[in-house]
Amino acid sequence: MISCCIFDLDGVLVDTAKYHYLAWAALARELGFEFTPEQGEATKGVSRMASLDIVLRAGGMENRFSAEEKERMAAGKNARYLDYVNRMTADEVLPGVLPFLQELKAKGVGVVLGSASKNAGVILDRCGLRALFDRIVDGTLVSKAKPDPEVFAKGAELAGMEPAVCVVFEDAAAGVEAATRAGMRSVGVGGSPLLAKATMQLPTFEGFTFEKLCNQID
Ligand code: BG6
Ligand code: MG
């Protein structure tokens, strides 16, 4: 039985992964090196400071900066990221997402957000998605980043659901691992080979329904 769907945000409901990448790549350029899209893959699902470490490692600069300098760099990246986010509209909700969320609501299935982002609230508001969520767990509410299961465990707990009836939708390997560690099934969204450990794969939400989810996963 599936009673609750828990959604990652970046790269699942909206394509903010490209904005995260552009903001990190701009920081890398300021530091004098290129941060490639392939290297950017590893920042998906990972907290802001852990992402900064990935960027610095790519430039061979992992031990060069103090904690304060790193905080300043992360703040600069976030300001750049928010420049993109503050221009987002509902048009950037990925194809098929809205009808699927609306169907879940209509059928009384729990709809929960489980995101590592501290910017989740502003993105949900800009894209008109907030009202569709019963519970929202974001980076301001959790202390342990994915692949730790905290974000999904907390989401299920707030929604009053057992892990066994929850399904997590994720575009990042760290998120799929977090779901598994939380005792939940998972849907790997977007078709990356890095999501092979998810219970099932979903290239896009277009044409996807709750019935198809139940048929494929239950
Ligand atoms: C995740 C993204 O959802 O949130 C990561 O996949 C990002 O790339 C993380 O680093 C933290 O986001 P933010 O918005 O708090 O910097
Ligand atoms: Mg994601």
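Whatever order the structure lists ligands and atoms in, that order sets their numbers, starting from 1. Both backbone and side-chain heavy atoms feed into the values below; hydrogens, waters and symmetry mates do not.
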Just need the protein heavy atom nearest to [atom], so name the residue and atom and give the distance.
{"atom": "atom 16 (O) of ligand 1", "answer": "Arg48 NE, 2.7 Å"}
{"atom": "atom 8 (O) of ligand 1", "answer": "Thr43 O, 2.9 Å"}
{"atom": "atom 3 (O) of ligand 1", "answer": "Asp10 OD2, 2.7 Å"}
{"atom": "atom 15 (O) of ligand 1", "answer": "Lys118 N, 2.7 Å"}

In [X], the N, O or S atom nearest to the Mg ion (ligand 2) is which?
{"X": "Asp10", "value": "O"}
{"X": "Asp8", "value": "OD2"}
{"X": "Asp171", "value": "OD1"}

Does this structure show an ion pair linking [X] with [Y], if we count only N-O contacts that are shorter than 4.0 Å?
{"X": "Arg135", "Y": "Glu157", "result": "no"}
{"X": "Lys146", "Y": "Glu170", "result": "yes"}
{"X": "Lys44", "Y": "Glu41", "result": "yes"}
{"X": "Glu68", "Y": "Arg72", "result": "no"}

Check each heavy atom of [X] against ligand 1 and say whether those closer than 4.0 Å belong to the side chain, the backbone, both or neither.
{"X": "Ala172", "answer": "neither"}
{"X": "His20", "answer": "side chain"}
{"X": "Ser51", "answer": "side chain"}
{"X": "Val46", "answer": "backbone"}

Trace of the ring pair (Phe, Tyr, Trp, His ring centres under 6.0 Å) decision for Phe208 with Phe100: CA-CA 7 Å; Phe208 194 57; Phe100 184 60; 5.2 Å; yes

Close N or O approach (Ser117, ligand 1; < 3.5 Å): yes

Pair Gln39-Tyr21, side-chain donor/acceptor within less than 3.5 Å: no

Between Asn78 and Asn119, a side-chain donor and acceptor under 3.5 Å: yes

Heavy-atom donor-acceptor pair, Glu150 side chain to Lys144 backbone, under 3.5 Å: yes

Shortest heavy-atom approach to atom 6 (O) of ligand 1 - which of Ala50, Gly45, Gly11: Gly45

Within-shell test, Ser47 vs ligand 1, heavy atom, strictly < 4.0 Å: yes

Within 45° cone and under 6.0 Å: Lys77 NZ/CZ vs Tyr81 ring: yes

